[in-house]
Amino acid sequence: MKVMKFGGTSVGKPERMHQVMELITRDEEPKIVVLSALSGTTNALVAIGDSLSKGEKEKAKAQIDKLSEHYQEFITALVEKEDALQKAQAIVHEHFEFLHIILKISFNQALNKDILAQGELLSTKLFCVYLEERGIPHVLLPALDFMTIDAFDEPQIGSIKVKLSQILQHHPDQKLFITQGYISRNAKGEVDNLKRGGSDYSASLIAAAIQASVCEIWTDINGMHNNDPRVVNKTFPIDQLSFEEAAELAYFGAKILHPASIWPAQTYNIPVKLLNTMEPDAKGTLIVQEAGSKGVKAIAAKDGIYAIKIKSSRMLLAYGFLRKIFEVFEKYRTPIDMITTSEVAVSLTIDSAYYLKAILKELEPFGTVEIDDHQSIVSIVGNEITHTPDVLSKLFAALSSVPVRMVSYGGSRHNVSVLIPSQHKVKTLQLLNEGLFGLS
Ligand code: ADP
Ligand code: ASP
Ligand code: MG
């Protein structure tokens, strides 16, 4: 059995859903198809939630009506027969009715998660109507019946596995299953989600849970590129990445993959393929245990980073100093991304300001604390790059005009990271494309 995940642009137009139908019926292998919301929908739902959280009900209503119009147009072009159209209309009506009811009740965060879930619920149900019209046998698996996260928002792979296999046992003769990406149930049993871009994570978790032959991530580009194609001109797809390399790139900002989407596939050794719905025969990127080749593979950048410097004149003598600092971050469940030390100070980075105030207060007794916001981590990822000649000299030559705040080298053999002010990110990515790949 395999998993095929299609992102927002891959289902964002009626003709794309047609392409998806063709891709999932190309071979006989049983499959679970994971769908995102139609492109733009989750952003629209976020905006509706924002308006409601500010009490701007009129604005929210206008946003809901605009989105509803989009879906009316979408379904008219998606299906041909009258009865299929009626079914699609009933689905759209049901979900927009729900959004209209929400306008009348008082807003809270749990309700917001319900709003955000509407996109994937709509896309999967409409796709099933389309499949039914075409006479393609399938079963819709509600993700909310098996995709669960614990009180710390961590997916519970053991329970996902048990629940999913029980559900699949009820359909021994079926070969095609459709389910929602992104959405989940939390420890309280409420509707929740795996954070933005989370459908990749759903796909990888499902692939791990069913021990799939492969987890295919179908998107709008021919695989993982060597640099961010949104801001760098000459980029190219990478044939093969190891799980470690892919995980580093995803974590450090390559938008094509959700930051946490690699570990489930890696843990259960499921190959991941990044493929292009618009160019299905392009090679894409294969992600497996082996890296395939040596040297620098790709560069990615992660924004919204805070650098915290703790300076203590007594640090050199004080073993246990780092432990005390780390305990503060542990207490507030805030992961540290980069860290560098000198004899008198330690600098580290975090990507969430949620507990920043409390963290800073608890760090104060350890020395002088300084904070820089609007920082970006730029990561150079590859296989054995710390053993590849010239990487550092090329890196620093390329960055001679960039004010580098921190450098992390030697933590693993696959990564060199630099911290820079975000305003220099685009220039940095471009300079590195030239300096490390000879492309300008
Ligand atoms: P989907 O909706 O299919 O999940 P996303 O928009 O989440 O698609 O991810 C695909 C996009 O990621 C690409 O269109 C591209 O602009 C962006 N991207 C950023 N960095 C990279 C990279 N290194 N390689 C490929 N795509 C990247
Ligand atoms: N629809 C969700 C989002 O836009 C999940 C996803 O696309 O992966 O974030
Ligand atoms: Mg995505």
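Every number for a ligand or one of its atoms is a count from 1 in the order of the listing. The basis for the numbers below is simple: all heavy atoms, side chains too, and nothing from hydrogens, waters or symmetry mates. Along the sequence shown, residues carry numbers from 1.
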Tyr182 N/O under 3.5 Å from ligand 2 N/O: no
Purely on distance, is any nitrogen or oxygen of Asp200 under 3.5 Å from one on ligand 1? no
Specify the protein heavy atom at minimum distance from atom 12 (O) of ligand 1: its residue, its atom name, and the distance to 0.1 Å. Ile256 N, 3.5 Å
Taking it one step at a time, do Phe437 and Phe236 satisfy ring-ring contact (aromatic ring centres under 6.0 Å, His included)? CA-CA 10 Å; Phe437 296 101; Phe236 58 86; 5.8 Å; yes
So is Thr42 polar-close to ligand 2, meaning N/O to N/O under 3.5 Å? yes
Distance under 4.0 Å to a non-hydrogen atom of Lys5: what atoms of ligand 1 satisfy this? 4 (O)
Counting only heavy atoms, tell me which of Ile221, Thr277, Asp220 gets closest to atom 14 (O) of ligand 1. Asp220
Show me the donor-acceptor pairs within less than 3.5 Å that the side chains of residues 140-148 make with the rest of the protein, sequence neighbours left out.
from	atom 1	to	atom 2	distance (Å)
Thr148	OG1	Gln156	OE1	3.1
Thr148	OG1	Ser159	OG	3.2

Nearest-neighbour protein heavy atom for atom 23 (N) of ligand 1, which is reported as residue plus atom name and distance: His225 O, 3.3 Å
Nearest non-hydrogen atom to atom 15 (C) of ligand 1 belongs to which of Gly223, Gly197, Pro229? Pro229
Give me the residue, atom name and distance of the protein heavy atom closest to atom 6 (O) of ligand 1. Lys255 NZ, 2.7 Å
Trace of the side-chain contact (heavy atoms from CB on, under 4.5 Å) decision for Leu99 with Leu45: CA-CA 10 Å; Leu99 290 174; Leu45 294 169; 4.2 Å; yes
So, does Asp390 use its side chain to make a donor-acceptor pair with the main chain of Lys394 at under 3.5 Å? no
Going by heavy atoms, is Gly7 under 4.0 Å from ligand 2? no
Whether Gly119 lies under 4.0 Å from ligand 2, heavy atom: no
Looking at Glu120 and Ala37, what are the two nearest heavy atoms and their distance? OE2-N, 2.9 Å
Contact region, Ser199 to ligand 2, non-hydrogen atoms below 4.0 Å, reads both
To the nearest 0.5 Å, tell me how far Asn276 CG sits from Leu274 CG. 10.5 Å
Would you kindly specify which portion of Arg230 sits under 4.0 Å from ligand 1, judged on non-hydrogen atoms: side chain, backbone, both or neither? side chain
Would you indicate which of Lys195, Arg196, Glu120 comes nearest to atom 3 (C) of ligand 2 when only heavy atoms are counted? Arg196
Logged contact type for His258 with ligand 1, heavy-atom cut-off 4.0 Å, is neither
Should the pair Tyr332 and Tyr355 be assigned to parallel (<30°), tilted (30 to 60°) or perpendicular (>60°) ring geometry? tilted
Using a heavy-atom cut-off of under 4.0 Å, does the side chain or the backbone of His258 touch ligand 2, or both, or neither? neither
Can you tell me if CD on Glu15 sees more than 12 non-hydrogen neighbours from other groups inside 6.0 Å? yes
for atom 7 (O) of ligand 2, nearest protein heavy atom and its distance come out as Ser36 OG, 3.3 Å
Under a 4.0 Å threshold between the charged nitrogen and the carboxylate oxygen, would Asp220 count as salt-bridged to Arg230? no
Would you say Gly8 and ligand 2 have an N/O pair spaced under 3.5 Å apart? no
Is Lys31 paired with Glu216 through a side-chain N to carboxylate O contact shorter than 4.0 Å? no
Within a strict 4.5 Å, meaning less than it, do heavy atoms of the Gln423 and His374 side chains meet? no
Show me the donor-acceptor pairs, under 3.5 Å and distance only, between side chains in residues 424-431 and residues at least two apart or in other chains.
from	atom 1	to	atom 2	distance (Å)
Lys425	NZ	Asp303	OD2	3.0
Thr428	OG1	His424	O	2.6
Gln430	NE2	Val231	O	3.1

Is the shortest N/O to N/O distance between Thr219 and ligand 1 below 3.5 Å? yes
Any heavy atom of Asn227 under 4.0 Å from ligand 1? The part involved is backbone
Could you check if a side-chain atom of Pro421 sits within less than 4.5 angstrom of a side-chain atom of Gln375, using non-hydrogen atoms only? yes
Sub-3.5 Å N/O-N/O distance, Gly8 and ligand 1: yes
